[in-house]
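Scroll down for the structure; my scribbles are underneath it.
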Amino acid sequence: MRHDYDVIAVGAGHAGCEAACAAARLGSHTLLITIDMNKIAQMSCNPAVGGIAKGQIVREIDAMGGQMGIVTDRCSIQFRMLNRSKGPAMWSPRSQSDRQQFIIEWRKVLENTPNLYLWQDSVDEFVIEGGVVKGVKTALGMTFNARAVILTAGTFLNGLMHVGQVQTPGGRVSEPPARGITEQLAALGFKVGRMKTGTPPRLDERTIDFSQCIKQEGEHDFHHFSFLPGVTSNLAQRPCWIVHTNEQVHEILRKGLPQSPLYNGQITSIGPRYCPSIETKIVTFADKTSHQLFIEPEGETTHEMYLNGFSSSLPWEVQFEALRQIPALRNVHAYRPGYAIEYDFFDPTQLTHTLESKLVKNLFLAGQVNGTTGYEEAAGQGLIAGINAHQNVTGGEPFTLARNEAYIGVLIDDLVTCGVDEPYRMFTSRAEHRILLRQDDADMRLTERSYQLGLATSERYELMRSKRDQIDRLTDFCRNYTVKTALINPTLEANGMQPLTQGQRLHDLLLRPQLSMAILAEALPELQAQIDKLEAERRDEIIEATEISIKYRGYIERETLIADRVARLDNVTLKGKFDYSQIHQISTEARQKLQAIDPETVGQASRIPGVSPSDINILLVLLGR
């Protein structure tokens, strides 16, 4: 039995799995400790990966050699690209997944990753000497030594579940909480808070009247999560269904509010603003007469269905009475009620951009322990924490992502710079440079950086280079090829557009929103010949990426200039230069915030709430002196 490791990851949720894989694949001997090896990467709530901005994070994880995208593609039972009616900066992939198969696939990945070992146990205490973490102690009395430790405990730290007045200790239904870690870190000066999340009832599809539902099929085009070709699902595809609440449902829920832990004082912690419970919805949006709910399959063959949008901690009797007022659910049987869960988290402003703690060296935190919500946000943090734990162990340079490089960079910068006052969820609106952070170009942005680090494989790197070369060749052809009026005018007129009076470059024609590469290829044999030269398996992906780069080139170039200008402040080092308490030229609030966060750069300082542009100008003047 090995007791000495380079890196230990505590918790095998989405953050822990990505962290352990990244560290091990980079060469660190890594141990992943989990309470239950049969629930590795468990989808505790919604059995789906991706969504608005979250899908972009998964593509970034995959572009860097992470595993979430591959596992998701193998377990998909429905795929959709959300926000298609908007510009490509907003397109967000989402995949309904088979919950059990997801666990199986992740376990295959972990058990077949060199340098990675698993241990089923609960960590009760960190071994910390001289302000440096040295290992962990477990409930079974084991001590494992490590040069770096990553805490990814999810909702398990002093977890407490609520169904009405019934309270059950646990990090997830039927799973015990983790105790001891919060108390130890709090004693060392870590700021601790409590957050709340929830989950809806699970229903038996055999008792649902689907004739009263709106069917929502998936899409079957070339889109998926992983940039690697050939990573696909062999599972049967399944539809989702839409139903709506009504006034009768709301009336029953309103009557039950005095019994709701959220409204009778039983729960005092902070819940997620953007994924509220059904009881919060009827209070916050009292004027709404109905709310949309999604009935989603939990797997390829199971009858268990997830009722998305009906998260609740009300007594089970109230939940089921309300559900049966929905026509499709008149006779529904439930597998279990919804419940809320409270858990501990740590103020993420006490972390650096590598996700290493400022208080204990070589201790990293990732996932919901940092105040985030969502599998994707957790996995993105886990990947960065795993990379940097390895870098610390081997003496490598810190690996961070800027806000104009990745949504993961936006996520981590928001956490360590601004902190959280509610569970953090990623949105496209949080990224000021989102036209540069599209889901289609994550490999172009990140694969080379990861390859240089040693995480992305040479196969992945060469695939990216080949794709980039093919996009460049097709783009050059469009720039240089002049379309003759006789060839294209019939197509223009057929699509309701004015015919050309003289020849025009293909590149300029493509700028018209009504035209696409596919439409033009039908009229232009030379364009079709260029398309036929593209790699067959990735042809549609290359065509889409080329179209986006042509149609949005002006926006992309303008945003790149703005991002480069802003990035200059991120190249001006600030850490260790000042005792902010002595700078009386800046506001009191700015002094307090800067002293507490101790930003790495002027750019980070400028994003701290309460630090004004005039405060930044004063710092720049003092730096100049």
Side-chain angles (χ1 to χ4, degrees), residues 50 52-60 63 80-94 219 221-225 227 401-410 426-448 464 467-481 483 488 492 495 497 504-521 524 527 530-531 534 538-567:
I52 307 301
K54 294 169 176 280
Q56 282 89 326
I57 290 175
V58 180
R59 296 220 88 190
E60 291 173 353
R80 296 178 65 229
M81 184 67 75
L82 307 183
N83 271 350
R84 280 186 183 273
S85 62
K86 301 179 180 179
M90 309 291 281
W91 295 355
S92 302
R94 182 184 187 272
E219 299 171 359
D221 62 10
F222 67 93
H223 289 106
H224 51 285
F225 275 110
F227 287 97
L401 295 172
R403 296 181 70 92
N404 63 342
E405 283 185 290
Y407 272 94
I408 296 173
V410 175
M426 179 54 72
F427 288 103
T428 52
S429 58
R430 294 192 190 272
E432 61 271 34
H433 307 300
R434 57 184 172 271
I435 190 68
L436 306 180
L437 307 181
R438 307 180 311 277
Q439 59 84 31
D440 66 277
D441 74 338
D443 53 344
M444 301 298 166
R445 291 184 274 121
L446 300 172
T447 296
E448 186 165 1
M464 183 276 295
K467 175 181 168 183
R468 183 170 58 198
D469 290 345
Q470 292 178 79
I471 291 171
D472 290 344
R473 284 198 297 271
L474 186 56
T475 303
D476 287 342
F477 172 80
C478 293
R479 286 197 186 115
N480 297 319
Y481 179 74
V483 181
I488 198 61
L492 296 179
N495 285 275
M497 287 176 277
Q504 189 174 42
R505 288 188 308 162
L506 177 55
H507 178 279
D508 297 335
L509 265 180
L510 267 170
L511 297 178
R512 299 190 182 192
Q514 306 94 324
L515 292 178
S516 67
M517 201 83 76
I519 291 173
L520 292 171
L524 305 173
L527 175 58
Q530 293 296 318
I531 289 173
L534 301 175
R538 297 193 293 165
R539 183 173 294 151
D540 291 334
E541 178 185 345
I542 292 165
I543 290 170
E544 179 182 86
T546 305
E547 269 196 54
I548 290 172
S549 68
I550 290 173
K551 287 180 179 290
Y552 294 89
R553 181 182 175 187
Y555 297 102
I556 292 168
E557 289 179 347
R558 184 181 65 185
E559 196 61 46
T560 300
L561 287 173
I562 294 171
D564 289 344
R565 197 179 305 141
V566 172

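Keep in mind it's a predicted model, so treat the numbers as computed, not measured. When a residue number appears, it is its place in the shown sequence, counting from 1.
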For a quick test of reading the model, state the closest non-hydrogen atom pair linking [X] to [Y] and the distance between them.
X: Ser516; Y: Leu510; value: C-CD2, 3.9 Å
X: Tyr407; Y: Phe427; value: CE2-O, 3.9 Å
X: Val410; Y: Ala431; value: CG2-CB, 4.1 Å
X: Gln530; Y: Leu474; value: CB-CD1, 4.1 Å
X: Ala406; Y: Leu401; value: CB-CD1, 3.9 Å

Validation row: [X], [Y] side chains within 4.5 angstrom (heavy atoms):
X: Arg434; Y: Met90; result: yes
X: Glu544; Y: Pro88; result: no
X: Ile543; Y: Phe222; result: no
X: Met444; Y: Ile471; result: yes
X: Lys467; Y: Phe227; result: yes
X: Asp221; Y: Met81; result: no
X: Leu524; Y: Leu506; result: yes
X: Leu561; Y: Glu557; result: no

Using modelled atom types only, decide if a donor and an acceptor are shared between the side chain of [X] and the backbone of [Y] within a distance under 3.5 Å.
X: Trp91; Y: Gln56; value: no
X: Arg59; Y: Phe225; value: yes
X: Gln470; Y: Ile542; value: no
X: Lys54; Y: Pro93; value: no
X: Thr428; Y: Ala53; value: no
X: Asn495; Y: Met497; value: no
X: Arg539; Y: Ile531; value: yes

To the nearest 0.5 Å, how far apart are [atom1] in [X] and [atom2] in [Y]?
X: Ile435; Y: Arg438; atom1: CD1; atom2: CZ; value: 6.0 Å
X: Thr546; Y: Glu541; atom1: OG1; atom2: CD; value: 10.0 Å
X: Leu527; Y: Leu520; atom1: CG; atom2: CG; value: 6.5 Å
X: Arg558; Y: Leu436; atom1: CZ; atom2: CG; value: 11.0 Å
X: Leu509; Y: His507; atom1: CG; atom2: NE2; value: 11.0 Å
X: Ile519; Y: Ile488; atom1: CD1; atom2: CD1; value: 9.5 Å

**Asked** Under a 4.0 Å N-O cut-off, is there an ion pair linking Arg473 with Asp476?
**Response**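 Salt bridge absent between Arg473 and Asp476.
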**Prompt:** With a 4.0 Å cut-off, would you call Arg84 and Glu219 a salt bridge?
**Reply:**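 The answer is yes: the pair qualifies as a salt bridge.
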**Message:** Counting only heavy atoms from other residues, nucleotides and ligands, does the tally under 6.0 Å from OH of Tyr555 exceed 12?
**Reply:**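 Check fails, neighbour count at 12 or below.
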**Item:** Flag for Gln439-His223: side-chain donor and acceptor within less than 3.5 Å
**Value:**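 On atom types as modelled, these side chains do not qualify, holding no pair under 3.5 Å.
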**Prompt:** What pairs with Tyr481 under side chain to side chain donor-acceptor pair (under 3.5 Å), at least two apart in sequence or on another chain?
**Reply:**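 So Tyr481 forms a side chain to side chain donor-acceptor pair (under 3.5 Å) with Glu526.
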